[in-house]
There are 2 protein chains.
Amino acid sequence: MPHAEPSVPDAFDVGRVSYAIFQLSVAHKGYAASLLRRIGLHPGQELILMHLFSRDDQPQSELLASIGVDASTLSRALRRMQDVGLLVREPAEHDRRVMIVRLTDKGRAMREPIAAMWRDLDEVTQRNLAPQQAEDLTRAAYAVIEAIEHAARTHEPGDEEPR
Amino acid sequence: MPHAEPSVPDAFDVGRVSYAIFQLSVAHKGYAASLLRRIGLHPGQELILMHLFSRDDQPQSELLASIGVDASTLSRALRRMQDVGLLVREPAEHDRRVMIVRLTDKGRAMREPIAAMWRDLDEVTQRNLAPQQAEDLTRAAYAVIEAIEHAARTHEPGDEEPR
DNA sequence: ACGCGATAGTTGGCTAGCCAAGTAATTTGG
DNA sequence: CCAAATTACTTGGCTAGCCAACTATCGCGT
């Protein structure tokens, strides 16, 4: 039965917590993807739309900073979303390098489906957790994120302390 | 500064826990990828190798079941790993459909680098966590995984209760 | 025995995501 | 005032990952 703690090769012992996070990522992302497919979106597109719901007519560069994905990934995702009519891009007046991203009516119409998708996802996510556990999980997640970002920031330039 | 709880559009409120997991996934996977790059592996390949460290000469189908990825994804990953000399595949004697996957010396040599990578990853992951928090996080992760797998199992065939 | 279904893998086609290199426009500096 | 650096974005090239469709082989049942 492929449940909790499946047949884990011994080597995974050294990274039990990371392995759990890894498995959680796969399951969570997979479930989100299946929910997104039902509303006709590809993973990641919902993030772009949600940021646009918060503030429309946004330069592509700001979306980039908010979402944290590679510029090329965003560029291509936006092109595809434009192709299916979710949004429009047009060069800014004041700076012709800048592309302003604007939702179409079709894009705006995704607001409720996306919110419903998050509700469903979070409901399932918390189904086996006590409220306090959910709270702790969230807090621990951000603690880990902070540790990772700090580690990446420090020894990205000068790789690793030379032992 | 993009730390914990960054500028989260209001819409994310409905899925706070899921959004935290999502962000954790991105950060954790990104850091793992950067560590893997240093030892010349692509994400996912380390899992294949680790399962082979546990049991070599394994049919591709068993690897498939252990790892839980799509058959086509595994097929192509194995081909690429064979191309760079990490492993070899040859048809089984008794059943010519089956491909037996075997590590090469070069593949076996990855054992220590991969273990070191997991140690590094888990060290960073736990850096901001008390031991009890790490334990709780692991437990919560598997609880969420179980809920998601159950949800996927139940309403994948008959999509959603019709309201 | 023979055909049909199940099983094992592969290939095609698509998106997400990364890095590296390239283009265009704007800002900075000598 | 014009060249050099910077910024904004795109394109090329690659891997991971999914689904769908296909091939080949094996096993089963009539």
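Each chain gets a letter, A, B and so on, in the order its sequence line appears, and its residues count up from 1. What you see is a predicted model; the values in this text were computed from it and never measured.
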Measure [atom1]/[X] against [atom2]/[N] and give the value in whole Å, please.
| X | N | atom1 | atom2 | result |
| --- | --- | --- | --- | --- |
| L41(A) | dT15(C) | CG | P | 13 Å |
| R80(A) | dG17(C) | CZ | C1' | 10 Å |
| R79(B) | dA16(D) | CZ | P | 10 Å |
| R37(B) | dA20(C) | CZ | P | 8 Å |
| E46(A) | dA16(C) | CD | P | 10 Å |
| H94(B) | dT25(D) | NE2 | C1' | 13 Å |
| Q60(B) | dT11(C) | CD | P | 11 Å |
| H42(A) | dG17(C) | NE2 | P | 12 Å |

Discussion item. Both G44(B) and P59(A) contact DNA chain D. Taking the nearest nucleotide for each, which residue is further toward the 5' end?
Written reply: P59(A)

Least distance between heavy atoms, [X] atom then [Y] atom:
| X | Y | answer |
| --- | --- | --- |
| L64(A) | A71(A) | CD1-CA, 3.5 Å |
| L137(B) | L129(B) | CD2-CD1, 3.9 Å |
| A77(A) | I48(A) | CB-CD1, 4.0 Å |

Discussion item. Looking only at the side chain of Q45(A) (C-beta and beyond, no hydrogens), which of the listed nucleotides dG17(C), dT15(C), dT6(D) gets closest?
Written reply: dT15(C)

Worksheet entry | Residue M99(A), side-chain atoms from C-beta onward, closest of dT10(C), dT10(D), dC18(D) |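 Shortest atom-to-atom distance from the side chain points to dT10(D).
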
Discussion item. Between K106(A) (side chain only) and V84(A) (backbone N and O only), is there a donor and an acceptor less than 3.5 Å apart?
Written reply: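 A pair under 3.5 Å: yes.
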
Discussion item. By the 4.0 Å heavy-atom rule, please label D95(B) as base, sugar-phosphate, or nothing.
Written reply: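 Since only primed, P, OP1 and OP2 atoms lie under 4.0 Å of D95(B), the category is sugar-phosphate.
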
Discussion item. Taking only side-chain N and O atoms of T73(A), does any of them lie within less than 4.0 angstrom of OP1 or OP2 on dC18(C)?
Written reply: yes

Item to complete: Compare side-chain N and O positions of S61(B) against OP1 and OP2 of dG9(C) and report whether any pair is under 4.0 Å apart.
Response: yes

Worksheet item: When you check the gap from the basic side-chain N to the acidic O, do R127(A) and E123(A) get nearer than 4.0 Å?
Response: yes

Does [X] make a side-chain donor-acceptor contact with the base of [N], cut-off 3.5 Å?
| X | N | result |
| --- | --- | --- |
| S72(B) | dC19(D) | yes |
| R96(B) | dT25(D) | no |
| R76(A) | dG13(D) | yes |

